[in-house]
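One structure is given here, and the rest of the page talks about it.
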Amino acid sequence: MTVKKLAEKYSFEVLSMPEPEKEINGGYIGDLLSWVMGRAEASNIWLTIMTNMNIAAVAQLSDVSAVLICEGARPDSDVISTAKEKGVNILLSADTAYNTAVRISSDI
Amino acid sequence: MSESLNFHFDVDGENFVSAGQASVQVKKNLRRLGLPPEIIRQVSIALYEGEINMVIHAHGGTADINVFEDKIEIILADKGPGIADINLAMQEGYSTATENVRSLGFGAGMGLPNMKRYTDEMKIESEVGVGTTITMCVYLK
Ligand SMILES: Nc1ncnc2c1ncn2[C@@H]1O[C@H](COP(=O)(O)OP(=O)(O)O)[C@@H](O)[C@H]1O
Ligand SMILES: [Mg+2]
């Protein structure tokens, strides 16, 4: 499923979507950035509660299809603008990472 | 030495938020060269971990990326405190990072292991009080 379709289907708030047609293949949940870079695979959707600036670089360098920020956490506007510049998709879920993952699992 | 394409960056030791600029630029450059995405991903992550380490542990340094016909070489050099026990530093989970760095999601002690994981060769030369030079290679098969 593409990032755009996933966001629509589950009503995730879209903060940044420069690459709506990116395909999602599997997912990874984590907040420690080196674990994400070591374990997430290209095209995974990355579920996290981290909102600082470094998530944009980590997402871009590790080729994840989108960052799905859970628990209603919300990054600052400068993170969002950087993500847009870097071609990084950012979605928001009000739910926990676990519940969010369970909900979307059949589509990724 | 055969001909190569070289990129040089100064890594600012003060700015943690903007850390990763060399990695982002190198990723763009390697894409333009049309290299395979998986190779670019390996180089980008290894370089980013190295950049972050120079920022959080060594007050900055330099990054040199040399693209050869058959491999990409990454050389990270700093004049930081050095690494006393390289074997210990290489262990997953070992970290001397501060609480502040950890709160940003770094300092998991997985940086050096990731650099090893994503490269075909890795050499660490370090002297306490003098600095650290890490040389990594990713082969272009
Ligand atoms: N460039 C460096 N200069 C000095 N010490 C370093 C450097 N890179 C790594 N280290 C040491 O090695 C440890 C492990 O590094 P790493 O695996 O990247 O984990 P982390 O950066 O999360 O602490 C660091 O905590 C630090 O003590
Ligand atoms: Mg590190």
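We name chains A, B, ... by the order of the sequence lines, and we start the count at 1 in each one.
- For A:Met37, the parts lying near chain B are the backbone and the side chain together; criterion is any non-hydrogen pair under 4.5 Å.
- B:Ile40 and B:Tyr139 fall into different hydrophobic clusters, defined by Ile, Leu, Val, Met, Phe, Trp and Tyr side-chain heavy atoms under 4.5 Å apart, directly or through other members.
- Nearest heavy-atom pair across A:Asp63 and B:Pro37 is OD2-O, 4.2 Å.
- Using a 4.5 Å heavy-atom cutoff, the side chains of A:Leu32 and B:Phe106 are not in contact.
- Around atom NZ of B:Lys79, no more than 12 heavy atoms belonging to other residues, nucleotides or ligands sit under 6.0 Å away.
- Environment of CD in B:Gln21: sparse, with no more than 12 heavy atoms of neighbouring residues, nucleotides or ligands closer than 6.0 Å.
- Inter-residue side-chain proximity for A:Trp35 and B:Asn114 is flagged as unmet; no heavy-atom pair is nearer than 4.5 Å.
- Hydrophobic clustering (side-chain heavy atoms under 4.5 Å, transitive across Ile, Leu, Val, Met, Phe, Trp, Tyr) groups B:Leu47 together with B:Leu35.
- The existence of a salt bridge linking A:Asp31 and B:Arg102 is excluded, since no basic side-chain nitrogen approaches an acidic carboxylate oxygen closer than 4.0 Å.
- Using a 4.5 Å cut-off on side-chain heavy atoms (C-beta onward), B:Phe16 and A:Asn52 make no contact.
- With rounding to the nearest 0.5 angstrom, the OG atom of B:Ser44 is 8.0 Å from the CD atom of A:Gln60.
- Heavy-atom minimum distance, A:Ser34 versus B:Glu49: OG-OE2, 2.8 Å.
- Within 6.0 Å of the CD atom in A:Glu8, the count of heavy atoms belonging to other residues, nucleotides or ligands exceeds 12.
- Transitive grouping of hydrophobic side chains (ILVMFWY, heavy atoms separated by less than 4.5 Å) brings B:Ile52 and B:Phe7 into a common cluster.
- With hydrophobic clusters built from ILVMFWY side chains whose heavy atoms lie under 4.5 angstrom apart, A:Ile69 does not share a cluster with A:Leu6.
- Contacts of B:Pro113 with chain A are absent, with no heavy-atom separation under 4.5 Å from either backbone or side chain.
- With a 4.5 angstrom heavy-atom cutoff, B:Arg117 touches chain A only via side-chain atoms.
- Hydrophobic clustering, with ILVMFWY side chains joined whenever heavy atoms are under 4.5 angstrom apart, groups B:Val138 together with B:Leu33.
- Residue B:Ser95: no heavy atom, backbone or side chain, is found under 4.5 Å from chain A.
- Atom NZ of B:Lys141 is surrounded by more than 12 heavy atoms from other residues, nucleotides or ligands within 6.0 Å.
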Given the rule in the side chain to side chain contact (heavy atoms under 4.5 Å, CB included) test, do A:Leu61 and B:Lys27 qualify, once you have shown the distances and angles that lead to the verdict? CA-CA 8 Å; A:Leu61 298 172; B:Lys27 180 156 197 171; 4.0 Å; yes
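- The distance from the CG atom of B:Leu104 to the CE atom of A:Met53 is 11.5 Å, given to the nearest 0.5 Å.
- In this structure, chain A has a heavy atom under 4.5 Å from the side chain of B:Tyr118, while its backbone stays farther away.
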